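Please read these numbers as outputs of a predicted model, since none were measured by experiment. Order of the sequence lines fixes the chain letters, A, B, ..., with proteins taken first and strands second; residue numbering starts at 1 for each chain.
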Amino acid sequence: MNNLIVLPLIIPIITGIILVFLRSSIMLQRVISIITMITVSVISFLLLDIVQTEGIIRLDFSGWLPPFGILFVADSFALLLVLTASVVTTICLLYAFSTIGKDNEKMFFYPFVMFLIAGVNGSFLTGDIFNLFVCFEVMLLASYVLVAMGGKKVQLRESLKYVLINVVASWLFLVALAFLYGTVKTLNMAHIAERVAEAGQEPLLTTVAILFLLVFGLKAGLLLFFWLPGSYSVPPAAVQALFSALLTKVGIYALIRTFTLMFPLNQEITHTLIGIMAGITIIAGCLGALSGRDVYTIGTYNVIIGVGFILIGLAAGTETAMTGAVYYLMHDMVAKALLFLIIGMMVYLTDETIIKNMSGLIRNYPLFGWIYFIVLLALTGIPPLSGFVGKILIGQGALEAESYILLAIGFASSIIVLYSLLRIFLASFFGETTISFEDRKRIPKGAYSSFILLAISIVFIGVGAESLAVYVKDAVNTLINPSVYIDAVLKE
Amino acid sequence: MKETIMLVALTLFMIAIAILLYRVIMGPSMPDRAIALDTIGVNLISAIAIVSILLNTKAFLEAILILGILAFIGTIAFSKYIERGVIVERKGDN
Amino acid sequence: MKINDVILRTVVKGVVFIILTLGVYLFFSGHNAPGGGFIGGLVLGSGIVLLYITYDLETVHKKMPFDFKKVAALGVLLATGSAIGSLYFNAPFLSQTDGYFNIPILGEKHLTTVTIFEAGVALTVIGTLVTIILSISEDE
Amino acid sequence: MESLIVVLVGILVSVGTYLILSRHMIRVIVGTAILSHAVHLLILAMGGLKKGIVPLLGQSEGEFTDALPQALILTAIVISFATTAFLLVLAYRTYKTNGTADFRELRGVSDE
Amino acid sequence: MTFELAIILLPFIVAACIPIFYRRLPKKVIGWVVLVVPLSLFLLLTTYIPRIAKNQTFSNNYEWIPSFNINFTTYLDGLSLIFSLLITGVGSLVILYSIFYLSKKESLHHFYCYLLLFMGAMLGVVFSDHLLVLYAFWELTSVSSFLLIAFWHHRKASRAGARKSMTITVSGGIAMLVGFLMLYSMSGTFSIQEIISNIAGISEHALFIPALVLVLLGAFTKSAQFPFHIWLPDAMEAPTPVSAYLHSATMVKAGIYIVARFTPIFGGEMTWFWAVTGVGLLTLFWGSFNAVKQVDLKALLAFSTVSQLGLIMSLLGLGSIAVYLGYSQDSIIYTQAAFAALFHLINHSTFKGALFMMVGIVDHEIGTRDIRRLGGLMPILPFTFTVALIGSLSMAGMPPFNGFLSKEMFFAATLKITQLDVFSIDSLGVVIPVIAWVASIFTFVYCLIIVGKTFFGKIKPDILDKNPHEAPIGMLIPPFILIGLVVGIFVFPNLLGHYILQPAMASIYPTFPSTEELTPHISAWHGLNMELWMTIGVVILGGTLYYFLKRWKPIYRWIPQRFTLNSLYETIISFSENVSENLTKRYMTGNLTHYFSYIYMVFVIVVAGIFFLTDSFEWSLMSNSSVESFELILVFVVIFAAVAILFTTSRIASVLLNGVLGYSVAFFFVIFRAPDLALTQLVVESVTTALFLICFKFLPDLTPERTSKRVKFTNGVISILVGATVTIVGLAVINYEKFETISTYFEDAYNLAGGKNIVNTILGDFRAFDTMLEVVVLFIAGLGVYTIIKLKAKKGDADIEN
Amino acid sequence: MFGQFLLNLFIALLWLLLVDAPTPEITTFFSGFVVGIGILYVMHRFFGTRFYLNRVIKLINLILLFIKEILISSFSVMKQILTPKLNITPGIFTYKTNLEGEWEVTALALLLTLTPGSVVMEVSEKGDVFYIHAMDIEQSKEEVIRSIGKYEKAIMEVTRE
Amino acid sequence: MNAKEIIEWGAILLILLGGIISVISALGLIRLPDVYTRSHAASKSSTLAVLVSLTGAFIYFWFHDGYVSIRLILGIIFVFITAPVAGHLICRAAYRSRVPLAEGSGEDELKPLLFANEENKELKIDNN
Ligand code: NA
Ligand code: NA
């Protein structure tokens, strides 16, 4: 039943609205929101399974055949991301229950999260480029509020910058859309792909593609990441986790879609450019991570490094590389969410952000410390955790594409990731304990359960990589052979 | 011929708008600018009416009424702002 | 000297009706002429805002005691709900049905579910517009 | 006409960009508003200008002007309105808490 | 499930059980329980010896991620057997030792958990045939080593040491991983054995040498080869059993294992020969030279380990020449170097393990390891002295201990190699025995230091105050077992040679048909040859140097502290932290204006750059529609209004002018036949203006931009370029008319969707989904406005800032 | 109540007109009536006062008066504008009226504003005194005083019994 | 030229007249000395310009297309009613925000009432 694929978007929206009416009952809001996210996760998993047997499914809204109406297209790539995003959101909600505070909960925190995930899922699923813009906006508006949630001085300051940058980014998106429509005269992504192929992706079309590269790059934090460290440092931890897990990934998703489906030709220009941008991003991210003396700086620059690394996969562009990119995307969503939840908890426990001012946390919170250690290893790409498969496949892909410089930058960045995260571990978790066992703040159970669930996911993605392989391969098949997607949309 | 005259009229209205723009830019006082903007809006009403004739369509006639309404609301808002610094008051303000 | 808004208030009382009627008209005329839920909602919202500008927060609130946040939420619910209706009929999401119905007094009318959708849009616009303006105006 | 509008768009973009590069919040926000105007015109120009009749059926004869960009712009206008509303409020809340409307003074991190 | 897999998994399973069950066990018991693991594994492994000696190999494949050829392939052959016996054997002894060494107050469950993790990882390394799984275990050894070094993490030095070792070894590991990936991309397989059997197909590949170098990087960092050895002395912060186990007997030898394992693949390359031999010799010399100056016994042993690892490494390098030469009667002779390497590997584990345990006892009983405070301990610690003496003499290459045998073979190998004339050995080769010899002299010196400065001479009074006594029997048994081996191997070297070393030689030289030939007969006496003369020279010169130690020791101060490798490392670390901080701060200013200008600059450079590079600009007025005079005036109105905003100094004026723009745009919409747009634009513009006015209550008026002319100019240039870019691309796009728009479909709106307003049917039907979401956007904005106005930070909320 | 009913009819009529059907239909009128009910329901609290619509003729008279005034005053302003040399003395003067009630006051104020050369700037709190800005104070004063009786009468004819 | 033609021409001329009046009143907004006198031009002659041209358009639609546009009539009425209100409000706002009368103005009977206590104070709120 094709209508199923709109559910990952529409269920959160409806829930969000209903929660507005349930403003006063926090308990009810929590229960409904978590049930919603679990439902969405289950549905997306079911869909993933259906797509394996029945191939790509699409939903033509109102029944208008493509390319005239808007449609959702569910291929494995989109669904994998929908699934991961929904699961991560579910877990972040668990964390939020015990940490976000009643004030925020009464101020529609859960509705905004619902809208955020709706926008994210919509962006993954849509098959219409203008609708992608609209889905982005749903996600962005929700994120604007979530960054500012709490109303603290820093928050407002950084969220204003965040909003303004994104307003300009959305503007660029519209400019790109204008040019796109001006040239190919259609909005359906598959139809665009068809027309671009028909025109042989002439230089002008490549220019338009480059414009999209910048637009999505801005969202993904590819090269144009300046906005990221500031705005990702200020919101509540649950929101930080959601942001670092989801938002940049949507940009990455869009980049991958754009350059595998719509503008796959003329790669000497586009993919070279992506490669250059990814390389610079990683280097800059590494410099930033090295420079960090506080958990937020180190964390946020690690997000940037992750973005660059995934896009090495796209730049290399081979099947293996794309497979790696998909794996790494999923890994990065989970691991970054956990990283930021942990960072948030560290700050909560110590009222400090500078790593050297925290010390010996592991003595009072051993499990907490070891979970951090697991994230650290996962983000470094140490097997058999989640980062490993993606990393080696991207590496293989880069070798296939003979992108040796990117390979070197990408793998060298692992060292910086390790080094920077190890600094946190050594300075904050190890060392003399400054707070006595009796005086310690407690880590709420909800927070612990979210850590554990995410840690389990990290182990699962790594150890159980094979169980995902069938989906990932199917996803990559579409990315490598855009005709699969195009046919599913345009041929009945 | 008819069309030319209407184009001339349209141009006249545009010239008027251009002149009014000078007032919006130069002020000197806030009410000056507000009046000028209001008048620009009112002139646009005529312009839309003429375009409607030229394009031979009724599609823009709503716009005429709307523009009238908005120019009015806008002027009220501006004058309240100029006068009181607030547009929507609370009881007991004033 | 206290400000006497008598002229403004009197004229607005009359004018608001024109605006609101126009708003409803635009709402309904969208299908065949310029207008639709959005513009209708905007015009209706502007009418309400005009009342707020002319009177004051408390007065208007007393006379129109709605929680405009909920009006907006209701609007979104209507808009999405009308879309979800199609799920029930196993038709593609957002499918609209229309038909000619014979309604007493009004006679044969062309009714479509689009109208519900558009009503949702209009309510959202009104609710949001007023919420925004009120929230800011109430801020200290 | 199309070329003229595209040039006009370019000028508006320049003005908007210059404003966005200002230090004062209000200038920046006005800058974003101008950019919106520009891009709306741009989208419209991409569908061709004055090349058909008003896209209302049954009013007059002739080829219709491209209606799709109009629909897109409508959506874009509403979204940009929503964003601007939020932006304005965020700006003044920022001003009230941070005590400045100058982005150079809103740097944070490095100067604290 | 086979035994090999069980061997790898058992330590992990027990390790996983410890955190769960340790609270239910008495503290003393944990160690004994853990001891069962290596002991039983050791015994199990000994059962393989006879079969392996017959050159049997055991290989099993378990699928992990078959989709990407990542499988768990165990492979047990002679080479892995040596290492696994060392791992479990020394492991057993170390655990036994640790039971007595560690105080009950320590968190023993952590200790044993890490130790078992390490053991499992190490076994995984030597039993894996699959490159990636090998890598996985490889990194796990680094990780567990990190945890063990940081065992006393409240000490700053422990943390620093742990960080250094982890950073260096994991970096090396990552390099090695890249090397592995290159091997895969060349050969299409991750199996080491398969690569070995297909080596001819890949050795000409362009990536072959890079892969070689990267794999070596991994091996060198792990095995503490110069200049990466700097982590090893710092790793001595770990508890002594750990040093004995990881940092002398096993983990540091993982690099040796890798080099031995990959000799069949890379051995034929000159790069390999010179890199392995050269780095090995350099490490040998540098380690022994630096060991002499140490005052901490453990640090001395650490440098000695570095040096010995260099020795083994160089022997493997020398042995690789046989691979280059291929099988022949002449080349057999060079394989003896590899044989010596394996032999010394085992010997080193025995005597170095014993020595570390000795130092542990001294530390444990006396309370210091500083040789300046030690001396005259012989009467107090007689058994310990015995261990020290035998261990040191063996290390110094003296008979009748096993070190003598392997050292002699080492000298022999260095001498033999000088006769070759491949790889420019004929010109450089003579250096090899010279370095070996010089390094051995220093080795002799520091061995004397170990024994002499600790056990001979006068005892210091402050030590006597502590009433020291000999260690408990439990701490003495393990080192005595080891020195028993030291002597035992000297007596029966060929037993070892036949059963253990010979099968391993087959692993290093798989293409050589007869393994018998590869196994020389080891004898203590082989005539008064050059090797023996060299040893005699070592004793004489070493003794002399030891005697005059005080006289010449000041030469170590010739090298200023800041030129040492350690300070180089520190400098690199702090330099990169500082440089990165400066660089990052320079552009990450937090100033939004800067960020915008970056974005715009990238936009202009990239878009305009690509646009012109690809020669995309095409433009003609052909398809343009006409321009009426009133439209022209309107255009100018818009331009003037826009430009005026730039110069206005009042916020109201700028908002009003923006209103003019908005109204003008609305009028453009009228002219361009867009009634719905015009209506919406008019209302939205007015409402927006009203919003501005409402918000102005809370906002300050415009202030003149206090920016320099230069900044204004730059901003101006950027703005103009951005506008120009949009314009030129826009003009080209207008000119591009290849496709028919899909819009024509909507012109049938009345039949399709029952509406006559095409735009409205698009919004309400064809693209109703957009509209639905746009409503959501609007709603979020409204709710968001409400939220950020009502939700104000409480006074008490501290703003945590970085 | 009656006034509101009238108003409702008025909205329905307005509706009919707005719909712009080729021929006015009774159904359209009814739907307009329904719309009117809706609007009135939302708005009815604003209508405490009576509403007189049956004096249509008087109203038309009044409207004609309005039109006449705007014509005259516009041309007098234009004359001023086009006069090469401005020769005016602007100023503010007061006028006290007998009219009462918001509709009467408003109507008079609007009329006065449309009167050549004068704009009502303020109305006193009681609503009985107008403060009028005059383009040329001497001339306007005269003119206002001359026509004011006429205005008040025209208004009262519409508003009073 | 039949009657219909003539009326159409009349409508067009009305429109043209509107344009002319509009330009004149726009000039007034430039030429007149202060905001109060300018508001006379805005609220009277500009309004007239619109009314005249809208009437022209109304007549044109009526006679050319046989289309009686109520919306145009409503527009006319609306502008007609609101123009004086707008003039009134702006003038009041200007006065209360202390925009000065032009030099050479005559008597000012409002001043003592509003600003009796603050004779010579220069006050300004957001007024440029
Ligand atoms: Na926007
Ligand atoms: Na085009």
Non-hydrogen side-chain atoms of [X] and [Y] separated by less than 4.5 Å:
X	Y	answer
A/Phe133	D/Thr75	no
A/Glu137	D/Thr83	yes
D/Ile43	A/Leu174	yes
D/Tyr95	A/Leu156	no

Out of A/Val134, A/Asn166, A/Val175, which one racks up the most heavy-atom pairs below 4.5 Å with chain D? A/Val175
Checked A/Ala178, A/Gly151, A/Pro229 vs chain D; the most non-hydrogen pairs under 4.5 Å come from A/Ala178
Give the member of [options] that has the highest number of heavy-atom pairs under 4.5 Å with chain A.
options	result
D/Leu42, D/Leu87, D/Leu72, D/Thr17	D/Leu72
D/Val9, D/Leu68, D/Ile73, D/Thr84	D/Leu68
D/Val28, D/Ile29, D/Leu35, D/Thr97	D/Leu35

In D/Val13, D/Ile20, D/Thr32, the residue satisfying side chain to side chain contact (heavy atoms under 4.5 Å, CB included) with A/Trp171 is D/Val13
Exactly one of A/Leu160, A/Val145, A/Leu164, A/Val147 clears side chain to side chain contact (heavy atoms under 4.5 Å, CB included) with D/Leu90, and that residue is A/Leu160
Let me know if D/Leu44 has heavy atoms under 4.5 Å from chain A in its side chain, its backbone, both or neither. neither
Under a 4.5 Å heavy-atom cut-off, does chain A meet the side chain of D/Phe103, its backbone, both or neither? side chain
[X] [atom1] to [Y] [atom2] distance, which is reported to the nearest 0.5 Å:
X	Y	atom1	atom2	value
D/Leu106	A/Lys153	CG	NZ	10.0 Å
A/Lys152	D/Asn98	NZ	CG	13.0 Å
D/Arg93	A/Arg157	CZ	CZ	15.0 Å

Which region of [X], side chain (C-beta onward) or backbone (N, CA, C, O), has a non-hydrogen atom less than 4.5 Å from a non-hydrogen atom of chain D, or is it both or neither?
X	value
A/Phe130	side chain
A/Leu187	side chain
A/Val168	side chain

Please evaluate residues A/Val167 and D/Phe86 with respect to the criterion side chain to side chain contact (heavy atoms under 4.5 Å, CB included), reporting the C-alpha separation (whole Å), side-chain torsions for both, the decisive distance (0.1 Å), and the verdict. CA-CA 11 Å; A/Val167 166; D/Phe86 185 82; over 6 Å; no
Do A/Lys161 side-chain atoms and D/Arg107 backbone N/O form a donor-acceptor pair below 3.5 Å? yes
Is the backbone N or O of D/Gly47 less than 3.5 Å from a side-chain atom of A/Lys185, with the two atoms forming a donor-acceptor pair by type? no
Assess whether atom NZ of A/Lys106 is packed by more than 12 heavy atoms of other residues, nucleotides or ligands within 6.0 Å. no
